[in-house]
Protein chains: 2
Amino acid sequence: MEKKTTVTLKNLALRLNLSVSTVSRALNNHPDISAHTIQRVKELAEKLNYVPNLFAKGFRSHRTHILGVIVPNISHLFTSTLLKGILVEAEQNGYRVIISESNNEENKQTEMLQTMMQFGADGILLSLAKKTKSIHQVLETLQRIPLVLFDKVSEKVPCTQIVINEEEAAFNAVEHLIGLGKKRIAILKETENSFNSEKRFQGYKRALKTYNIPLDLKLVQSTEDISLNNGKRLTNVLLSQKVRPDAIFAITDNAAIGAIKALNKFNVRIPEDIAVVGFSNSINSTIIQPELSTVDQPGERIGRIAAKSLIDEINHPNKELISKTIEIKTNLIVRDSSFKAI
Amino acid sequence: MEKKTTVTLKNLALRLNLSVSTVSRALNNHPDISAHTIQRVKELAEKLNYVPNLFAKGFRSHRTHILGVIVPNISHLFTSTLLKGILVEAEQNGYRVIISESNNEENKQTEMLQTMMQFGADGILLSLAKKTKSIHQVLETLQRIPLVLFDKVSEKVPCTQIVINEEEAAFNAVEHLIGLGKKRIAILKETENSFNSEKRFQGYKRALKTYNIPLDLKLVQSTEDISLNNGKRLTNVLLSQKVRPDAIFAITDNAAIGAIKALNKFNVRIPEDIAVVGFSNSINSTIIQPELSTVDQPGERIGRIAAKSLIDEINHPNKELISKTIEIKTNLIVRDSSFKAI
DNA sequence: CTGAAAGCGCTTACAG
DNA sequence: CTGAAAGCGCTTACAG
């Protein structure tokens, strides 16, 4: 097979003995153009498989219909559900999506924000890198094109932010454990509290306070990277202490699964001896034995709302930058790891 | 905070009392321009936070440095590892990536191929939708811009294709089971054999033949959607038969995990009574109890090689379209679900 | 060393 | 109903 060359308006015009202007108008169904001409033009366009160059189009109209998306790490299941929501919503509104990773590095994030602008993205969806110390470039970007934060957000940025009810969700999870009679509830969280970790920790503390349970720092275990393996490790630390916890609230499913693995290894009964609750409702939470109680974090929904909000802002630009937080409610899903139905 | 307006070459030129040409050259370090001028231009550009409009640039040079990626479904963990590889490799070569989903629908895929071209993507990475009956649009696209197939491929398309050694990997997995003394090895596969399912089934059959085990169609279980739940369901079917299998080879980890769940429920001993092997080495495979033996499918590596191949073709375009398959070797990872070390 | 001009593919206000 | 011309932001061959 041979390669083909690109068909342009000029090509069509030449072949049809028309001007480029007329061809352009015909393809766009301009009312001025005669039905006959429109038909001739469209037939040839079809025949030659003409595809308009959206680059030229967007370049002229200052609208590219591209949304830029920056996430810390694409290869997390939760991230991919966020992305799915973004793709679906973008698609429905005629937008394409450029995706890139910051790898949780601030430099990378800054660089990506710049390239997104260079590519003429109409707007940007950003989930902040964990190590974002300075939000300078974020503000710089925000002053030029619409930008919406989602999932990993920061109150310092005056823009629309899409989050779940982190604090309340954590409160509910811990309250659930307290309701089951648990009194020594440990938490597995991040060392450098990210927005999410911080909020969930606050919810944990408020629940304890509400039910008059003193905060015991021995039960507060932190780690740099809240992964499955670190969940295991921190649980081993908890088990080695003189007084063991009777419940573990992990701020991610992965850490919770690590906890269950550690408990299973030492034949600790779940939930009778130690109950476990996670956060995310990832697919993994139903694979582990016993199945994990967890907060359902509706990734696709968050992605859709984030994309929708951004597209709204693109269509109705604000003169001033304003903060606005959209909080999405979550539900606690109770499974065998915290409450075993008989 | 106030919004800012876009800074262009013209802006800079006006302020500096220079021509647009000179400013352009200065920013690109053209040897003709004096060091002094270069400095002046760059300082102002820095100060005003000038970002070149890559759209205008690409529009002129016919190179957008955008790669289009189409996958059936973004919210699968394996897909996201493929995407990670693509992003990393693209990034290293100065390319941005537009990602979209075909949702396993041929219409959607066709539409996406067109938009990718309209956006002036320099090349396309495509993982075929399951229900791709006609490859007409794929061929049409291929005749215009470089296109590389990965993961879900088709021998009908004359282009570079990146796959794993599907057939051999399946052969090895089944051979492993045979080596453990298993004789009644069931397979869980797809009804309408996709490229992957077909190859894996072939490997299964070749292994049986090699070791003189007759193919028993009762042990060949197929399903439309090779998911966890269908893995469970098909395993229940197998268990209900007069003569049970002594091993199950599932062509996906999810189906294998479903199988394990079903076996656990009926207290079938794994691997003594029935051994299980999956395919993918997804994170789930180490969460299930017992941990799953599986074929390690190096997603990130496949993604990287696919992106690399595409970028190579963009840089060295071929006149003729040629088929070329790059096969990536895989390893079988043996865990407790097939062989329990004592 | 610097500038004026053409052109990438398209749209649209202005003329006729 | 149709066309010639300008312009989106940039680069580059051509002049000087």
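Computed over heavy atoms, backbone and side chain alike; hydrogens, waters and symmetry mates excluded. Small disclaimer: the values here were computed from a predicted structure and weren't measured.
For Gln161(B), there are no side-chain hydrogen bond (donor to acceptor under 3.5 Å, both in side chains) partners at least two apart in sequence or on another chain. Annotation: ring-ring contact (aromatic ring centres under 6.0 Å, His included) contacts of His76(A) (sequence neighbours excluded): none. Residues meeting the ring-ring contact (aromatic ring centres under 6.0 Å, His included) test with Phe195(A), sequence neighbours left out: none. Not counting sequence neighbours, Glu46(B) has no partner by the side-chain hydrogen bond (donor to acceptor under 3.5 Å, both in side chains) test. With sequence neighbours excluded, the residues satisfying side-chain hydrogen bond (donor to acceptor under 3.5 Å, both in side chains) with Thr8(A) are Asn11(A). Shown here are the ring-ring contact (aromatic ring centres under 6.0 Å, His included) partners of Tyr50(A), two or more places apart in sequence or in another chain: there are none.
The stretch residues 35-47 of chain B touches DNA chain C through Thr37(B), each having a heavy atom under 4.0 angstrom from the strand.
Residue pairs meeting the salt bridge (Lys or Arg N to Asp or Glu O under 4.0 Å) criterion with at least one member in residues 75-95 of chain B, sequence neighbours excluded: Glu101(A)-Lys84(B), Glu89(B)-Arg304(B), Glu91(B)-Arg96(B).
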Using a 3.5 Å cut-off and no angle test, enumerate the donor-acceptor pairs between side-chain atoms of residues 151-159 of chain B and protein atoms at least two apart in sequence or in another chain.
unit_1, atom_1, unit_2, atom_2, d
Ser154(B), OG, Lys156(B), N, 3.1
Glu155(B), OE2, Lys199(B), NZ, 3.4

Sequence neighbours left out, cut at 3.5 Å: what donor-acceptor pairs do the side chains of residues 23-31 of chain A make with other protein atoms?
unit_1, atom_1, unit_2, atom_2, d
Asn28(A), ND2, Ser24(A), O, 3.0
Asn29(A), OD1, Lys42(A), NZ, 2.7

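Nucleotide dT2(C) holds its P atom 14 Å from the CG atom of Asn29(B), rounded to whole Å. Separating the CG atom of Leu14(B) from the P atom of dA4(C) is a distance of 12 Å, rounded to the nearest angstrom.
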Next item on the list: Verify salt bridge (charged side-chain N to carboxylate O under 4.0 Å, His left out) between Lys133(B) and Glu192(B), making sure each step is shown before the conclusion.
Entry: CA-CA 12 Å; Lys133(B) 298 280 177 239; Glu192(B) 290 187 73; 3.3 Å; yes
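Between dT2(C), dT2(D), dG3(D), one nucleotide has an atom nearer to the side chain of Ser34(A) than all others, and that is dT2(D).
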Notebook entry, point to check: What string of B, S and - do you get for nucleotides 9-16 of chain D, 5' to 3', when a contact is any protein heavy atom under 4.0 Å?
Noted result: BBBBBB--
Checklist line | Secondary-structure string, 5' to 3', Watson-Crick or G-U under 3.5 Å, | for another-strand partners, for DNA chain C | finding: |||.||||||||.|||
